[in-house]
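Counting starts at 1 for both ligands and their atoms, following the listed order.
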Amino acid sequence: TRRFLVGGNHKCNGNKESLKSLIEALNCANIPPKDTVEVVIAPPTLYLDYANTQINRDRFSVSAQNCYSESKGAFTGEISAEMIRDLALDWVILGHSERRHIFKESNELIAKKTKHSITQKLQVIFCVGEQLSDRNANNTEKVLDEQLHSLSTALSVEDWKNIVIAYEPVWAIGTGVTASPQQAQDAHVYIRKWLAEKVNEKVSSETRILYGGSVTATNAAELAQQSEIDGFLVGGASLVAASFITIIQSVS
Ligand code: 13P
């Protein structure tokens with residue numbers, strides 16, 4: 001069975017003070033046990049070390065939001081998977097739609113970053129998702145196919161145990177327009193079918209697929225009931241302790 005996972009992607013938001021309050025609230029929150037729901041927060045890079053020293057690491061994990069494909073070198077502004085490991089962190093988010101569309105990261109670069117991160121023993125939340133124009137042109141499956149294809153060519157079959165997929169339709173991110181439970185379920189079914197056909201049945205049944213895009217304290221419970229939704233990647237609502245805690249609780 002796939003353990004539920006809720007991730008909070010802070011993106012480029014907050015400061016040390018707001019992060020401190022959020023972590024204090026999480027540390028004393030009444031949430032289901034870790035074997036029911038795993039919780040990962042991804043603050044901005046500058047606060048990763050601070051977050052990891054403040055948070056209850058028996059219950060929560062801290063994730064980076066991105067990293068580069070190389071170990072070290074002349075790559076001004078980048079961080080490496082090795083550095084994330086050096087801070088004793090286990091997670092990185094890669095291929096977020098904002099990295100793909102604002103920062104023009106290609107499928108190939110994201111696949112390379114993912115392979116390198118897994119080599120460094122990181123767990124990767126690998127994001128996929130179509131834009132509104134893709135959906136309107138009936139190209140959702142084609143886009144998911146391309147995004148997953150470049151990933152699978154970079155990975156060995158064993159690598160997949162370190163991957164969590166986050167399906168985040170771009171039109172639902174930060175817009176307040178959540179995918180309906182059925183729309184999310186359909187995309188997750190497609191991704192799971194893809195994994196069964198292109199990787200294998202075991203990877204298909206064991207890989208967690210999160211939904212992301214305007215998840216709130218109000219809509220999380222209904223989405224969580226869909227059989228193929230194994231958790232959430234939450235943006236805006238993960239910055240508000242009460243909302244994020246309600247979303248974590250929505251699983252049980
Ligand atoms: P919102 O929850 O703010 O729509 O963001 C979703 C997201 O991009 C999480 O990675």
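From the protein, the heavy atom lying nearest to atom 9 (C) of ligand 1 is Glu168 OE2, 2.9 Å. At the shortest separation from atom 2 (O) of ligand 1 among protein heavy atoms lies Gly235 N, 2.9 Å. For atom 5 (O) of ligand 1, the closest heavy atom belonging to the protein is Lys11 NZ, 3.2 Å.
Annotation: Gly236 places an N or O atom under 3.5 Å from an N or O atom of ligand 1; distance criterion only. By the 3.5 Å distance cut-off applied to N or O atoms, Gly213 is not counted among the residues near ligand 1. Inclusion of Gly174 in the set of residues having an N or O under 3.5 Å from an N or O of ligand 1 is warranted. Annotation: Glu98 places no N or O atom under 3.5 Å from an N or O atom of ligand 1; distance criterion only.
Taking every heavy atom of both residues into account, Lys121 and Arg85 meet most closely at O-NH1, 3.4 Å. Of all heavy-atom pairs spanning His116 and Ala81, the tightest one is CD2-CB, 4.0 Å.
Residue contacts with ligand 1 for Asn9 involve side-chain atoms from C-beta outward but no N, CA, C or O (heavy atoms, distance under 4.0 Å). Contact annotation for Ala172 and ligand 1: only backbone heavy atoms (N, CA, C, O) come within less than 4.0 Å of the ligand.
Note that CG of Leu195 is 10.5 Å distant from OH of Tyr190, once rounded to the nearest 0.5 Å.
No donor-acceptor distance shorter than 3.5 angstrom exists from the side chain of Thr36 to the backbone of Pro32, with no hydrogens or angles considered.
The closest approach between Ser214 and ligand 1 falls below 4.0 Å for a heavy atom of the residue.
Taking the centre and axis of the six-membered ring of Phe126, the NZ or CZ atom of Arg208 falls outside the cone set by 45° and 6.0 Å. Judged by a 6.0 Å distance limit and a 45° cone about the ring axis, Lys16 is positioned over the six-membered ring of Tyr50.
Across His101, Gln65, Glu168, a single residue satisfies side-chain hydrogen bond (donor to acceptor under 3.5 Å, both in side chains) together with His96, and that is Glu168. If you run side-chain hydrogen bond (donor to acceptor under 3.5 Å, both in side chains) between Asp230 and each of Arg192, His188, Arg3, only Arg192 comes through.
Nearest to atom 8 (O) of ligand 1 by heavy-atom distance, out of His96, His10, Gln65, is His96.
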